[in-house]
Structures are given as C-alpha cells and as structure tokens.
Amino acid sequence: NAGVTQTPKFQVLKTGQSMTLQCAQDMNHNSMYWYRQDPGMGLRLIYYSASEGTTDKGEVPNGYNVSRLNKREFSLRLESAAPSQTSVYFCASRRQQNPSTDTQYFGPGTRLTVL
Amino acid sequence: AQSVTQLGSHVSVSEGALVLLRCNYSSSVPPYLFWYVQYPNQGLQLLLKYTSAATLVKGINGFEAEFKKSETSFHLTKPSAHMSDAAEYFCAVSPYSGGGADGLTFGKGTHLIIQP
C-alpha cells in the first residue's frame, strides 16, 4: 500500500493563478481531510469529506474548493491564489473501526508558495 | 469546543536524557488525545493515542504519554533521547475517536532538538 499520496510536492504560483492539489489513498478509507500548516500555527482544517459525494467546510475554508471525485481521491483547488495561501498542505484519510484504531493517516504534504 | 496548548515551541535535550514535551488541552466533552511526530520534509506520523482505555499510553519509538484529567494534561515522555528523535511534535485533541467531521485540533507544535 502506498498510503496517502499527494501531488505535486512543491509548487510556486503567481498571485491570481489557479491550481489543484491532488490527494489519493489506497486504504479504502471513507473520510478524507485537507489541512494547512503554517509556522507557529500547527495544522488547521480546510475541508472534510465523510464519504464520496459529500464535503464540509473546516476552520479555514475561504479561498478553497474541494472535490471528492471518488472514494480514493480528494482534491483541493485554489481558484485565485493569494500570498496568504503560501503554506504546506496535508491531506489525510481516516481509518474508522473501533475507537482504539480510529485514526488519521497523513500524506507527505505539498509545499506551496504564492508570489 | 476544544483547544490544545503546547508549552515550549523549542525543547533541547542531550542525547540519553529524558524527553518531556508538554501538552494541555481544553475540551467540553471527554477527549481523545493524540501525539503526532513530523520528521523534516515529511508528513505526520501517529506516535500514540489516548482512548480512555488506560491513562498511561505507550506508543512507538519508546514514547509514552500519561492522561491526567485533573491537570487537563497529556505530556509526552521518553526515558532516553536518541539523535533520531529530533523532529516536530504535535499534540491534538478531538471529541471523536478519529477526529470526526471537525478534524483534529492541533497544538502549535514543539521542535525537539537533540544535543550530542
């Protein structure tokens, strides 16, 4: 199993450009998440998908859209990038069984710089 | 609502010394608590998780954490630090066992530095 994969690993955009961050998991998990990580801020939830076809806003959704294309894939789109969106973006998927094994697995991240 | 406070953005210890990373939480319901580790340029990896089954939780790489309800704390410890432990450590809380619809609420992180 590859686990959670993200593409690209690095990206530089100019203000106003658009792009889509891709995330895929091969663990047959129902729930998937997008977080952003900023220095001194920890991780903050952008969007969440409980299952294929459903998405919900997290703590910091402004400026982003998401698509849960199928059970495996959950993409994050920046329609008009702004410097404030410079960050490291992490995708996660959740294994839901009993409480002791219910946890989130994270991808390696996408480092985005908006100039 | 819940929140996490990690005391100390940077902690430095000597190789072989005790590692203690502090985490205090606030939660209106019984919490699930997590410690994740992030090595340079990598994603987050789960170290351990508190699920109310036991107050002392043992994780990977020799780490453990003790849940103290009276102190609203979940501090991470390791008896003897190794150079390979140098990383960023995040404490997280959730009212749901795996984060639920609100995801995990993370602390700001503690950068662990190991001195040779």
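To find a chain, count down the sequence lines: A is the first, B the second, and so on, and within it residues start at 1. FYI, side chains are in, hydrogens and waters are out, and symmetry mates aren't considered; it's all heavy atoms of this structure.
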If the plane angle is over 60° it's perpendicular, under 30° parallel, otherwise tilted; pick one for A/Phe106 and A/Phe90.
perpendicular
Working to the nearest 0.5 Å, report the span between CG of B/Leu76 and OG1 of B/Thr110.
9.5 Å
Parallel, tilted or perpendicular: which one describes the rings of A/Tyr33 and A/Tyr48, with boundaries at 30° and 60°?
tilted
When the aromatic ring centroids of B/Tyr50 and B/Tyr25 are compared, is their separation below 6.0 Å?
no
Is a salt bridge present between A/Glu52 and A/Arg68, judged by a nitrogen-to-oxygen distance below 4.0 Å?
no
Check each atom of A/Gln37 against the heavy atoms of chain B and say whether the ones under 4.5 Å are side chain, backbone, both or neither.
side chain
With respect to B/Tyr89, which candidate in B/Tyr36, B/Phe63, B/Phe74 satisfies the ring pair (Phe, Tyr, Trp, His ring centres under 6.0 Å) definition?
B/Phe63
When the 4.5 angstrom heavy-atom criterion is applied to B/Leu46 and chain A, the contacting part is side chain
Between A/Arg111 and chain B, with a heavy-atom cut-off of 4.5 Å, which part of the residue counts as in contact: side chain, backbone, both or neither?
side chain
Top residue by heavy-atom pair count (under 4.5 Å) with chain B, among A/Arg94, A/Arg44, A/Glu59, A/Lys57?
A/Arg94
Report which part of B/Gln38 has an atom under 4.5 Å of a heavy atom belonging to chain A: side chain, backbone, both, or neither.
side chain
With chain B, the option among A/Leu45, A/Val4, A/Asp38 that has the most non-hydrogen atom pairs under 4.5 Å is A/Leu45
Heavy-atom pair count under 4.5 Å with chain B, highest-scoring of A/Gly40, A/Cys91, A/Gly109, A/Gly58
A/Gly40
